[in-house]
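Below is one structure; the comments refer to it alone.
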Amino acid sequence: MKKKVILATAVSFVLLLLVILAGLNAIYTVTSVRANFCTFSKEGESEARELQEKLDSFVDKSAVFLDLDDVRETVEQYPYFRVEEVRKNYPDKLELKITERKEVFAYKNQNGKYVILDEQGRPLREEDSNVNRAGGKNILLEGFDFESDGEVRYFEEFIKIFTAFQEVLTEARANITSIELVVKGSSATTIIDYIRVRMREGVFFDIRNPYVQPYEKAHLAVERYTGTGRFEGNGLTDMQRVQDEITVYERGDELFISPEP
């Protein structure tokens, strides 16, 4: 008799649990997927529509048991998109913020193709020509060994240098045509590697010893270019923008630019 009571209690508990879960599932079922897309190209707009259709497949899924990693994996099927935010808005909404990765850089590989990279240096696609899908051309990268199996030398420094230019210029691709790593080697006392940033007008900036304060040196260079910051009101003249060669270097803890204005 005691066993029957225990069994009946267990069955009742299981049934109650099933009823509760069924009720929760009815309340917490995804009815809409709201994806806020930030795109920069026509291709991105088209891919956003395709992706939205795939994201709509999560409608009618349980919001409680929905794994957000599955949602992220769906977005990752489109290499040009980055998930900024994904969250459940209970009881029945799934919300995402998705940004198209901007094409910014390109380098020519051993097969003569251009590998297109985003702002973080992540490869996006391979093309016969260096054309940005949002219009114009990408900043050409030269001298960096992207084909090696190991880490790309001065890669982090190059990203920091670009970031400094981007912060001041907003859309650096409109001003910079190429970024080149020039490895000259070193002696016992002097390291003379540099990263050369060539601007559209013709002037270029050599960031000497890029492993030393690359961001700060680049910021000094772009301030000289625009006549802001330390060089407020004293930017490059039209002639200087066409023909100057400007070097940024360190001496001890101080940064210098040559030639001085």
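When all heavy atoms of D193 and P210 are compared, the pair lying nearest together is O-CD, 3.4 Å. What you find for A35 and Q52 is that their closest heavy atoms are CB-OE1, 3.3 Å. The two residues V104 and R173 come nearest to each other via the heavy atoms O-CD, 3.9 Å.
If you chain together ILVMFWY residues whose side-chain heavy atoms come under 4.5 Å of each other, F204 ends up in a group of its own. Chaining together hydrophobic side chains whose heavy atoms lie under 4.5 Å apart places V30 alongside V33, F37, L51, L55, F58, V59, L66, L68, V71, V75, Y78, F81, V83, V86, L94, L96, I98.
Under the 4.5 Å side-chain criterion, counting only non-hydrogen atoms from C-beta, F162 is in contact with I139. Using a 4.5 Å cut-off on side-chain heavy atoms (C-beta onward), M199 and I176 make contact. Between F146 and N109, every side-chain heavy-atom pair lies at or beyond the 4.5 Å cut-off. Under the 4.5 Å side-chain criterion, counting only non-hydrogen atoms from C-beta, V131 is not in contact with Y114. The shortest distance between side-chain heavy atoms of L169 and Y225 falls below 4.5 Å.
Here E142 does not pair with R196 in a salt bridge; the nearest charged N to carboxylate O distance is not below 4.0 Å. Under the 4.0 Å criterion applied to side-chain N and carboxylate O atoms, E157 and K217 are not assigned as salt-bridge partners. A salt bridge does not link K97 with E84: none of the charged nitrogens is closer than 4.0 Å to a carboxylate oxygen. Salt-bridge check for R133 with E127: failed, with every basic side-chain N at 4.0 Å or more from each acidic carboxylate O. Salt-bridge formation is detected for the pair R72/D69: a Lys NZ or Arg NE/NH1/NH2 atom is positioned less than 4.0 Å from an Asp or Glu carboxylate oxygen.
Under the 3.5 Å distance criterion, the side-chain polar atoms of Q166 are matched with a main-chain donor or acceptor of A172. The main-chain N or O of K113 is never found under 3.5 Å from a side-chain atom of N111 such that the two would form a donor-acceptor pair. A distance-only check finds no donor-acceptor pair linking the side chain of N132 to the backbone of G136 [under 3.5 Å]. E100 places a side-chain N or O within donor-acceptor distance of the main-chain N or O of S41, the cut-off being under 3.5 Å. Counting only distance, with no hydrogens or angles, the side chain of T74 and the backbone of D70 share a donor-acceptor pair below 3.5 Å. In this structure, the side chain of D206 does not engage the main chain of R208 through any donor-acceptor pair within 3.5 Å. Of the possible donor and acceptor atoms, none in the side chain of R241 sits under 3.5 Å from a partner among the backbone N and O of R200.
Contacts of E156 classified as salt bridge (charged side-chain N to carboxylate O under 4.0 Å, His left out), with partners at least two apart in sequence or in another chain: none. For T177, there are no side chain to side chain donor-acceptor pair (under 3.5 Å) partners two or more places apart in sequence or in a different chain. In this structure, the side-chain contact (heavy atoms from CB on, under 4.5 Å) partners of K137, at least two apart in sequence or on a different chain, are N130. Among residues two or more places apart in sequence or in another chain, the salt bridge (charged side-chain N to carboxylate O under 4.0 Å, His left out) test is passed with E53 by none.
Figure legend: R224 and F205 shown without cation-pi pairing, the cationic atom not lying both under 6.0 angstrom from the six-membered ring centre and within 45 degrees of its axis.
When each of F105, F158, Y154 is checked for a ring-ring contact (aromatic ring centres under 6.0 Å, His included) with F144, only F158 meets the rule.
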